[in-house]
Amino acid sequence: MVNRNEEKLVCDCNFSGIKPAVMDLPYPQVRVRERNQDYAGLIGVSYCGMISELSACLQYINNESRMVSRGCAMGKILLGMAVAEMQHMQMLAGLIDLLGGSVCYTAKQAGGQPWMWTPQCLTLPDRPDEMLQADLEREIAVIDQYHAHIQMIRDDYVTAVLGRIVQDEQYHIMLLRSMMDTM
């Protein structure tokens with residue numbers, strides 16, 4: 001017999017109006033000094049490589065989906081970070097196109113071999129604390145990758161965009177550490 005007074009399990013978190021989790025600073029205009037396929041290849045790695053904006057975006061969405069019933073506030077932060085990564089992807093795609101590259105889900109890896117993005121790029125632990133730790137490690141790695149690319153690229157327009165994206169990634173580190181402290 002079913003008890004009609006029994007409470008139902010519900011998830012009433014509403015994510016309408018999610019805003020990107022970004023620094024309150026302007027972005028430089030997406031432009032380049034000249035076409036350069038090598039630079040486009042480097043940026044392609046940050047667009048859709050193993051450590052990339054695409055990987056971060058999908059990892060945040062996946063983690064939010066698995067954590068939503070545990071905490072709406074955390075879920076909103078993760079989705080805001082995912083939206084920020086989508087904005088970064090849009091800027092990177094613009095740079096790749098202007099540099100003469102191809103915007104796709106294939107990046108050139110070490111040795112110049114093309115490599116297509118797959119879900120194997122994601123780190124998907126089961127526990128929320130491990131999810132946040134994996135997200136934190138990814139943010140640190142992407143910042144290191146951006147710094148390496150900034151050193152290799154001799155186009156101040158391009159490096160200005162990459163440098164501004166780094167500021168958002170540093171903000172994400174702060175948000176992740178704050179969430180980890182509350183667990």
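Counting begins at 1 with the first residue of the sequence.
- Remark: side-chain polar atoms of Arg31 are not paired, donor with acceptor, to backbone N or O of Tyr157 under 3.5 angstrom.
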Assess the residue pair Glu53 and Leu92 against the criterion (side-chain contact (heavy atoms from CB on, under 4.5 Å)); give the C-alpha distance rounded to whole Å, side-chain angles, the decisive distance to 0.1 Å, and a yes or no. CA-CA 9 Å; Glu53 299 294 342; Leu92 295 178; 3.6 Å; yes

As a quick check of understanding, evaluate side-chain contact (heavy atoms from CB on, under 4.5 Å) for Ile143 and Ile173, giving each step before the final call. CA-CA 10 Å; Ile143 289 171; Ile173 286 174; 3.5 Å; yes

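- Pairing each heavy atom of Ala160 with each of Pro28, the nearest pair is O-CG, 3.5 Å.
- The hydrophobic clustering, which links ILVMFWY residues whose side-chain heavy atoms are closer than 4.5 Å, places Val32 and Leu162 together.
- Rounding to the nearest 0.5 Å places CG of Leu54 at 7.5 Å from SG of Cys121.
- Residues Arg66 and Leu124 form a side-chain contact, since some pair of their non-hydrogen atoms from C-beta on lies under 4.5 Å apart.
- When all heavy atoms of Ala93 and Val103 are compared, the closest pair comes out as O-CG2, 3.5 Å.
- Between the side chain of His149 and the main chain of Ile43, no donor-acceptor pair closer than 3.5 Å is present.
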With side-chain contact (heavy atoms from CB on, under 4.5 Å) as the test, would you mind laying out the steps for Tyr27 and Gln87 before giving the verdict? CA-CA 11 Å; Tyr27 289 96; Gln87 287 183 323; 4.3 Å; yes

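- Here CG of Asp135 is found 11.5 Å from CG of Leu175. Values are rounded to the nearest 0.5 Å.
- No donor-acceptor pair closer than 3.5 Å links the side chain of Ser55 to the backbone N or O of Ile51.
- The shortest non-hydrogen separation linking Arg35 to Gly100 is NH1-CA, 2.9 Å.
- Here Cys72 contributes atom SG and Met67 contributes atom CE; the two are 11.5 Å apart, rounded to the nearest 0.5 Å.
- Glu85 places a side-chain heavy atom less than 4.5 Å from the side chain of Glu169.
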Which pairs of donor and acceptor atoms, one on a side chain in residues 125-133, lie under 3.5 Å apart (sequence neighbours left out)?
from	atom 1	to	atom 2	distance (Å)
Arg127	NE	Asp129	OD1	3.1
Arg127	NH1	Glu130	OE2	3.2
Arg127	NH2	Asp129	OD1	3.3
Arg127	NH2	Asp129	OD2	2.6
Gln133	NE2	Glu137	OE2	3.0

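- Side-chain atoms of Gln59 come within 3.5 Å of backbone N or O of Thr123 as a donor-acceptor pair.
- Taking the side chain as every heavy atom from C-beta outward, Tyr146 and Leu42 never approach each other to under 4.5 Å.
- Side-chain atoms of Tyr171 and Val22, non-hydrogen and from C-beta on, never get closer than 4.5 Å to each other.
- The nearest pair of heavy atoms linking Val83 to Ile18 is CG2-CG2, 4.2 Å.
- The closest side-chain heavy-atom distance from Leu176 to Met179 is below 4.5 Å.
- With hydrogens and angles disregarded, a donor-acceptor distance shorter than 3.5 Å links the side chain of Thr118 to the backbone of Gln120.
- Between the side chains of Trp115 and Thr106, no donor-acceptor pair of N or O atoms lies under 3.5 Å.
- At a threshold of 4.5 Å between side-chain heavy atoms, the hydrophobic network of Ile, Leu, Val, Met, Phe, Trp and Tyr places Ile77 and Ile140 in one connected group.
- The aromatic rings of Tyr105 and Tyr47 lie parallel to each other, their planes meeting at an angle below 30°, with 60° marking the opposite boundary.
- Rounding to the nearest 0.5 Å places CG of Leu58 at 11.0 Å from CG of Asn63.
- Between the side chain of Asn36 and the backbone N or O of Leu99, no donor-acceptor pair lies under 3.5 Å.
- The closest donor-acceptor contact from the side chain of Glu139 to the backbone of Gln170 lies at 3.5 Å or more, if one exists at all.
- Within a 6.0 Å sphere centred on CE of Met180, other residues, nucleotides and ligands contribute more than 12 heavy atoms.
- In this view, Arg177 satisfies the salt bridge (charged side-chain N to carboxylate O under 4.0 Å, His left out) rule with no residue, not counting sequence neighbours.
- With hydrogens and angles disregarded, no donor-acceptor distance shorter than 3.5 Å links the side chain of Ser178 to the backbone of Met174.
- Summarising the geometry, atom CD1 belonging to Ile165 is positioned 9.0 Å from atom CD1 belonging to Ile150; distances are rounded to the nearest 0.5 Å.
- With rounding to the nearest 0.5 angstrom, the CE atom of Met86 is 12.5 Å from the CE atom of Met81.
- In terms of modelled atom types and a separation under 3.5 Å, the side chain of Asp168 and the main chain of Met23 share a donor-acceptor contact.
- In this structure, the side chain of Arg33 does not engage the main chain of Val158 through any donor-acceptor pair within 3.5 Å.
- Residues Met74 and Met183 are in side-chain contact: their nearest non-hydrogen atoms beyond the backbone lie under 4.5 Å apart.
- Taking both residues in full, the closest heavy atoms of Ala21 and Ala84 are given as O-CB, 3.4 Å, listed atom of the first, atom of the second, then distance.
- Cluster membership for Val142 and Met91, using ILVMFWY side-chain heavy atoms within less than 4.5 angstrom, is shared.
- Residues Tyr39 and Arg154 share a closest heavy-atom pair of OH-N, 2.9 Å.
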